[in-house]
Amino acid sequence: MRKSTPPDVRAPQDTASATVELEDVPFGRFHLHVAVAGSGGQFSDGYILGIIGIALTSATDDLALNAVWLGLLGAASLAGLFFGSLFSGALIDRIGRHPIFAFDMPLLAALSLAQFWTAAAWQLLLLRLLLGLVLGADYAASKTLVSELAPRKSRGRMMSVLAIAWAAGYTIAYLVGYLIAQTASGDRPWTWMLASSAVPALLVAAARLGVPESPRWLIAKGRAQEAAAMIAAKIGPHVTLPTAPAPAPAPATSSGAPAESGSLRALFAPALRSRTVIACVFYLCHIMPYFALSTFSPRILASLGVHNAYFGGAVYNLLLLVGAVVGMSVIDRLTRRRFLVGSFAVAAVLLLPLGILHDLPITLVIVLFAALAFALSAADTLAFVYPQELFPTRMRATGVGAAVAASRIGASISTFLLPVVVESFGIRTAMTGLVLVLAAGALACYRYAPETSGLKLGSQ
């Protein structure tokens with residue numbers, strides 16, 4: 001008689017009856033659903049942020065935009081992201097990850113669609129700020145929820161899917177905008193570009209149906225029975241609850257006064273202060289050149305002498321996607337510290353010639369710019385993994401929200417200043433400034449970043 005085929009060990013609900021802790025469960029169908037739902041939000045986020053660069057190029061005459069307005073509109077969503085991520089993180093640590101994760105995408109779709117009827121620059125500025133607020137809340141909720149549901153051994157790759165999705169959204173937004181710009185026959189094609197971001201947001205809202213609350217958060221809130229029932233239903237009865245850390249007193253501030261867990265103040269208690277600072281510094285120094293160069297890639301390439309700047313911008317954005325895929329393939333093969341420091345150093349070396357050398361061949365300019373996109377995007381996978389590993393469950397969303405907020409301060413400043421600096425001092429001054437930012441990030445990570453490779457999320 002033919003023997004039956006053994007169950008697929010990759011699907012945890014089909015494994016043998018031996019118990020296994022949640023964080024050590026092999027990657028299965030449940031994790032795939034969570035990864036798709038979380039990465040869908042990042043795709044939508046990347047699309048909304050990516051479409052603005054090419055849309056502003058088309059909207060300049062219609063809205064009478066000068067360099068200051070271009071900077072304001074380019075940075076508006078990033079400024080909204082700052083407030084949304086900073087203040088939603090503490091809320092998510094108190095009410096749970098699921099409420100915001102489940103319901104922010106329909107609101108994002110409505111705000112995206114409203115951009116179609118924009119008639120003045122101030123109206124677009126307001127909508128972009130509101131979009132940023134919602135995106136900031138989604139960053140804190142989705143990154144935290146997915147990381148807490150991911151198996152330890154595949155956490156880096158699973159979170160890297162979010163980075164790939166973000167880069168894909170950013171790249172596809174540019175290509176959609178480019179296609180609309182080349183084919184649209186009516187007036188104001190930029191309104192179609194901006195409104196198109198409603199489509200992925202609605203699709204993501206549907207994909208998130210059925211994703212549960214984080215069991216780690218439930219356990220931290222004393223709801224272990226509810227967490228156990230969820231795990232049994234979604235993964236299997238053989239899966240045990242995560243090991244709960246021993247109860248600890250509330251973090252104390254430097255003055256000795258207790259700081260409430262899940263509050264911004266608690267992030268700067270002695271036990272977490274250094275991790276909070278390095279999370280913010282790493283994310284800020286990485287995202288400043290990433291967003292400034294990506295948002296204005298056609299204008300930067302034109303300033304560097306590239307005649308077909310839209311084509312060069314398309315190459316840049318495609319390499320963003322390729323870099324994210326490569327980043328996923330190496331993130332669990334390199335230590336976190338080596339990846340952090342090395343990625344900053346490589347990006348700085350690639351950008352330096354564009355800042356200090358004159359009359360470079362056009363082909364070399366495009367190659368350096370594309371390689372820079374590749375390096376920055378590969379390093380962006382760390383932004384989806386490393387901050388979550390720095391904070392305990394009770395403070396994870398708050399810490400991630402603060403890191404995202406810090407990065408958006410830098411991104412807003414660099415996105416606002418880049419067109420102004422280029423207009424006032426020239427493109428090479430702007431590029432040299434970004435090199436200094438990358439060098440500062442490399443030095444800070446080399447000196448202060450802790451190693452988190454292979455860390456269990458409950459052991460910080």
Side-chain angles (χ1 to χ4, degrees), residues 81-82 85-86 89-90 93 136 139-140 143-144 147-148 155-156 159-160 162-163 251-254 259 261-291 327 331-332 334-348 375-376 378-414 434-460:
L81 265 159
F82 164 75
S85 57
L86 182 64
D93 277 330
Y139 267 68
K143 288 184 175 183
T144 303
S147 69
E148 291 179 348
R155 185 190 306 132
M159 296 302 294
S160 296
L162 275 67
T253 63
S254 57
S261 293
S263 70
L264 291 172
R265 188 182 183 190
L267 287 177
F268 293 94
L272 292 178
R273 184 186 302 131
S274 63
R275 288 175 175 256
T276 300
V277 170
I278 197 60
C280 293
V281 169
F282 147 67
Y283 215 160
L284 183 147
C285 291
H286 165 69
I287 219 68
M288 283 183 74
Y290 190 110
F291 266 102
I331 191 167
D332 285 329
L334 298 174
T335 64
R336 300 289 193 254
R337 277 181 50 83
R338 183 175 297 177
F339 201 173
L340 282 166
V341 177
S343 60
F344 274 120
V346 169
L376 289 173
D380 197 48
T381 57
L382 286 165
F384 288 80
V385 180
Y386 192 61
Q388 288 87 291
E389 294 177 339
L390 291 174
F391 299 100
T393 299
R394 71 177 189 277
M395 294 295 300
R396 185 163 294 119
T398 307
V400 170
V404 173
S407 75
R408 269 48 192 181
I409 292 176
S412 299
I413 291 172
S414 64
L434 294 177
V435 170
L436 294 176
V437 171
L438 291 166
L443 182 60
C445 289
Y446 179 79
R447 180 66 179 85
Y448 298 109
E451 183 59 71
T452 61
S453 299
L455 179 75
K456 282 195 171 186
L457 290 185
S459 62
Q460 296 94 327

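We count residues from 1, following the sequence as given.
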- Note on the structure: Rounded to the nearest 0.5 angstrom, the CG-CZ distance for Leu382 and Phe344 is 8.5 Å

- Message: Using 0.5 Å steps for rounding, measure from the SG atom of Cys285 to the CG atom of Leu434.
- Response: 11.0 Å

- Note on the structure: On a heavy-atom basis, the closest approach of Ala402 and Cys280 is O-SG, 3.8 Å

- Task: Using the side chain to side chain donor-acceptor pair (under 3.5 Å) rule, pick out the option among Arg275, Arg336, Arg396 that qualifies with Glu389.
- Result: Arg336

- Query: What pair of heavy atoms forms the shortest contact from Leu272 to Pro392, and how long is it?
  - Reply: CD2-CD, 3.8 Å

- Nearest heavy-atom pair of Pro450 and Ile278: which atoms, and what distance? CD-CG2, 4.1 Å

- Do you know which two heavy atoms are closest between Thr276 and Leu267, and how far apart they sit? OG1-O, 2.8 Å

- Note on the structure: Distance col, row Asp332:CG vs Ser453:OG, nearest 0.5 angstrom, shows 8.0 Å

- In this structure, CZ of Phe282 is separated from OG of Ser407 (nearest 0.5 Å) by 9.5 Å

- Query: Can you tell me how far the CG atom of Asp93 sits from the CZ atom of Phe391, to the nearest 0.5 Å?
  - Reply: 10.5 Å

- Task: Please report the shortest heavy-atom distance between Thr398 and Ala90, naming the atom on each side.
- Result: OG1-CA, 3.4 Å

- Task: Report yes if some heavy atom in the side chain of Thr381 is under 4.5 Å from a heavy atom in the side chain of Phe339; otherwise report no.
- Result: yes

- Main-chain N/O of Cys445 paired with Arg337 side-chain donor or acceptor, under 3.5 Å: yes

- Value rounded to 0.5 Å, distance of CZ in Phe384 from CD1 in Ile331: 10.5 Å

